[in-house]
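Each remark here refers to the structure printed beneath this line.
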Amino acid sequence: MKKLVYLLAFIFAFFSCKNDSDVVVKPVRNAEPIRYGYGFRLNDFRVIEDSVRKDDTFGSIIQKENLNGKQVYDIIAQVKDSFNVRIMHLYKPYMMLLSKDKTRKLQYFIYKPDNRSYYVLDFNDSIVKASKKILPVTIKRRTIAGELNGSLSETLKNEGAAASLSSKLINVYKWSIDFFKSKQGDKFAVTFTERYINDTIYDGVDSLECAFFEYKGKRIYAFPFKQNAKDKIEYYDEEGKVLKNFFLKAPLKSINITSRFSKRRFHPVQKFFKAHKGTDYAAPHGTSIMSTANGVVELAGYTAGNGNHVKVKHDKTYATQYLHMSRILVRRGQRVRQGQIIGKVGSTGLATGPHVCYRFWKKGKQVDPLKIKLPNSTPMDPKNKPEYLNFIAPLKKELDSIAGVK
């Protein structure tokens, strides 16, 4: 009976498989999974995967695969124009593909210096050839909107964003927003792009398209814009005002310099030569004095020499001081914005007439602001404003819509 069953099974199998197009190949148990990498079917090779270790060189790595010193020297000479063997850095991955036969001949050497590229060295011909492969990068656009819950970095992390996004936002808003003073529940929205290698491998934040943050009851927008082809991209608000703070050229609207920064100047009151570590701007009594940059009032008071004076700390590097005021209009610890009126021109202290002595501090040292390169941005040129407003209109509408802002 068993023989009859086997016979019938054989006959059925023979006639059902006589046409090749009808053959169904059943998966074989415990078969080796098919692997692909760097354009190769890796199952066809004996694969060695490793990373560059201390004291490794290209020569020392390939010499282990049955190559002598002269062969290694010749190989390096053959590929020197297309593969610099010195670019191999510690911990970077490499792969060697060897033949599966007894010879274990090295057929390909692959080195991956970064996520976006790799080198392939082909040993199959008499002359070794090297080529660089660039992986395709896909840019994907994404928008995150919500409310601050903890710090900015924590909130963005909870939304699945990379830490670099938080850094980019802080860099854009550092002159406008103190994120340490942001309140939980403040709304925000940000549209940005991310890079993906081969459409799957995440490669970080590419660019920041637009954003807004609520800060002290006001929405502060940020839109990137390049005024001219040679200019770098700056960020502006919805009205075209530059976000990155820059120092005003002077604390007064009208500039009339009567005495400059000098290591040796004859003092008009004390009647002897001494250093003058400031720039004097003459103006009528009572003229408004402006803070030249955002900051916090560090000093506000009177001394015999400086008269009524105010010192504003702008960040860890810069501070400015305004001397001889007739009136002080701010108090110590008060946050002031660029262009805000902090006092009135006078002649208190050692002064012969109404003026403001403007002093500039960098890293705790008084310097001449007219001779040092200061962090600044170019204000929006009026002729560029219509183009800018047209550019940001759909971006702002999208941000507001996603964030549920009316």
Side-chain angles (χ1 to χ4, degrees), residues 137 139-145 152 164-179 188-195 204-216 218-255 290-295 314-315 317-318 320 336-340 358 360 362 368-403 405:
V137 175
I139 302 298
K140 298 183 180 181
R141 191 171 184 268
R142 184 180 172 197
T143 298
I144 293 176
L152 174 63
S164 58
L165 178 60
S166 174
S167 300
K168 284 183 178 290
L169 286 167
I170 290 173
N171 188 54
V172 168
Y173 280 107
K174 66 182 178 181
W175 299 103
S176 307
I177 296 177
D178 183 352
F179 282 104
F188 74 93
V190 52
T191 298
F192 58 103
T193 56
E194 298 173 298
R195 297 183 301 274
V205 175
D206 183 67
S207 65
L208 181 64
E209 281 197 6
C210 55
F212 85 71
F213 277 89
E214 285 185 354
Y215 184 66
K216 294 185 177 181
K218 181 183 177 182
R219 289 195 300 274
I220 302 178
Y221 290 84
F223 301 97
F225 188 69
K226 184 184 289 189
Q227 295 208 60
N228 298 294
K230 295 182 179 180
D231 292 343
K232 64 179 182 178
I233 290 176
E234 296 285 2
Y235 284 84
Y236 302 83
D237 67 12
E238 74 276 21
E239 296 177 352
K241 295 178 181 177
V242 66
L243 284 185
K244 183 179 179 182
N245 186 38
F246 59 100
F247 287 90
L248 297 174
K249 290 185 177 181
L252 306 175
K253 288 186 176 180
S254 59
I255 300 175
M290 304 177 292
S291 174
T292 55
N294 294 350
H314 303 293
D315 58 18
T317 303
Y318 298 104
T320 52
V336 294
R337 65 183 183 278
Q338 182 189 45
Q340 181 174 337
Y358 178 58
F360 198 96
K362 181 178 181 181
D368 185 353
L370 301 179
K371 292 185 178 180
I372 64 171
K373 186 176 181 180
L374 296 172
N376 57 43
S377 297
T378 305
M380 175 75 67
D381 190 320
K383 70 179 183 181
N384 293 328
K385 195 168 182 179
E387 178 189 352
Y388 171 77
L389 294 177
N390 185 58
F391 162 70
I392 72 168
L395 296 174
K396 183 177 183 299
K397 184 177 180 180
E398 181 183 34
L399 282 180
D400 292 345
S401 174
I402 292 172
V405 177

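Keep in mind that the numbers below use all heavy atoms, side chains included, and drop hydrogens, waters and symmetry copies.
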**Item:** Those residues that, when tested against Glu238, pass side-chain hydrogen bond (donor to acceptor under 3.5 Å, both in side chains) (two or more places apart)
**Value:** none
**Prompt:** Taking atom CD of Gln227 and atom CG of Asp381, what is their separation to the nearest 0.5 Å?
**Reply:** 6.0 Å
**Prompt:** Which atom pair, heavy atoms only, marks the closest approach of Ser291 to Ala293?
**Reply:** OG-O, 2.7 Å
**Asked** Say you draw a straight line from CZ of Phe212 to CD1 of Ile220; how long is it, rounded to the nearest 0.5 Å?
**Response** 11.5 Å
**Message:** Tell me every residue that passes side-chain contact (heavy atoms from CB on, under 4.5 Å) with Lys168, counting only those two or more places apart in sequence or in another chain.
**Reply:** Val205
**Request:** Determine yes or no for a side-chain-to-main-chain donor-acceptor pair under 3.5 angstrom, with Tyr388 supplying the side chain and Tyr236 the backbone.
**Result:** yes
**Asked** Side-chain contact, heavy-atom cut-off 4.5 Å: Tyr358 with Leu370?
**Response** no
**Asked** CZ of Phe188 to CZ of Phe213: how many Å apart, nearest 0.5 Å?
**Response** 6.0 Å
**Asked** Which residues pass the salt bridge (charged side-chain N to carboxylate O under 4.0 Å, His left out) test with Arg141, sequence neighbours left out?
**Response** Glu209, Glu398
**Message:** List the residues meeting salt bridge (charged side-chain N to carboxylate O under 4.0 Å, His left out) with Lys216, not counting sequence neighbours, and say none if there are none.
**Reply:** none
**Request:** Please round to the nearest 0.5 Å and tell me the distance separating atom OH of Tyr221 and atom CG of Asp400.
**Result:** 3.5 Å
**Item:** All side-chain contact (heavy atoms from CB on, under 4.5 Å) counterparts of Ala222, not counting sequence neighbours
**Value:** Val172, Tyr173, Tyr235, Leu243
**Request:** Return the set of residues passing side-chain hydrogen bond (donor to acceptor under 3.5 Å, both in side chains) with Ser207 (not counting sequence neighbours), or none when no residue passes.
**Result:** Thr193
**Complete:** Smallest heavy-atom separation, Val336 atom then Gln340 atom, equals CA-OE1, 3.4 Å
**Request:** Search all heavy atoms of Leu399 against all heavy atoms of Val190 and return the closest pair with its distance.
**Result:** CD2-N, 4.1 Å
**Item:** Under the side-chain hydrogen bond (donor to acceptor under 3.5 Å, both in side chains) test, residues paired with Thr320 that sit two or more places apart
**Value:** His314, Tyr322
**Message:** Going by side-chain contact (heavy atoms from CB on, under 4.5 Å), name the residues that satisfy it together with Lys241, two or more places apart in sequence or in a different chain.
**Reply:** Asp237, Glu239
**Request:** Please list, chain by chain and in numerical order, all residues satisfying side-chain contact (heavy atoms from CB on, under 4.5 Å) with Thr317, sequence neighbours excluded.
**Result:** Asp315, Lys362, Lys363
**Message:** Checking Thr191 now: which residues fulfil side-chain hydrogen bond (donor to acceptor under 3.5 Å, both in side chains) with it, not counting sequence neighbours?
**Reply:** Thr143
**Request:** Kindly compute the distance separating CZ (Phe225) from CZ (Phe391), expressed to the nearest 0.5 Å.
**Result:** 7.5 Å
**Request:** Supply the atom-to-atom distance Leu389 CG to Asn384 CG, rounded to the nearest 0.5 angstrom.
**Result:** 10.5 Å
**Side chain to side chain, Met290 and Lys253, heavy atoms closer than 4.5 Å** = yes
**Request:** Quick one: closest heavy-atom pair of Ala229 and Lys226, and the distance?
**Result:** O-CD, 3.7 Å
**Fill in**
Hits for ring-ring contact (aromatic ring centres under 6.0 Å, His included) against Phe192, two or more places apart or cross-chain, chain-then-number order -> none
**Request:** Report yes if the side chains of Glu194 and Ile139 come closer than 4.5 Å at any heavy-atom pair, otherwise no.
**Result:** no
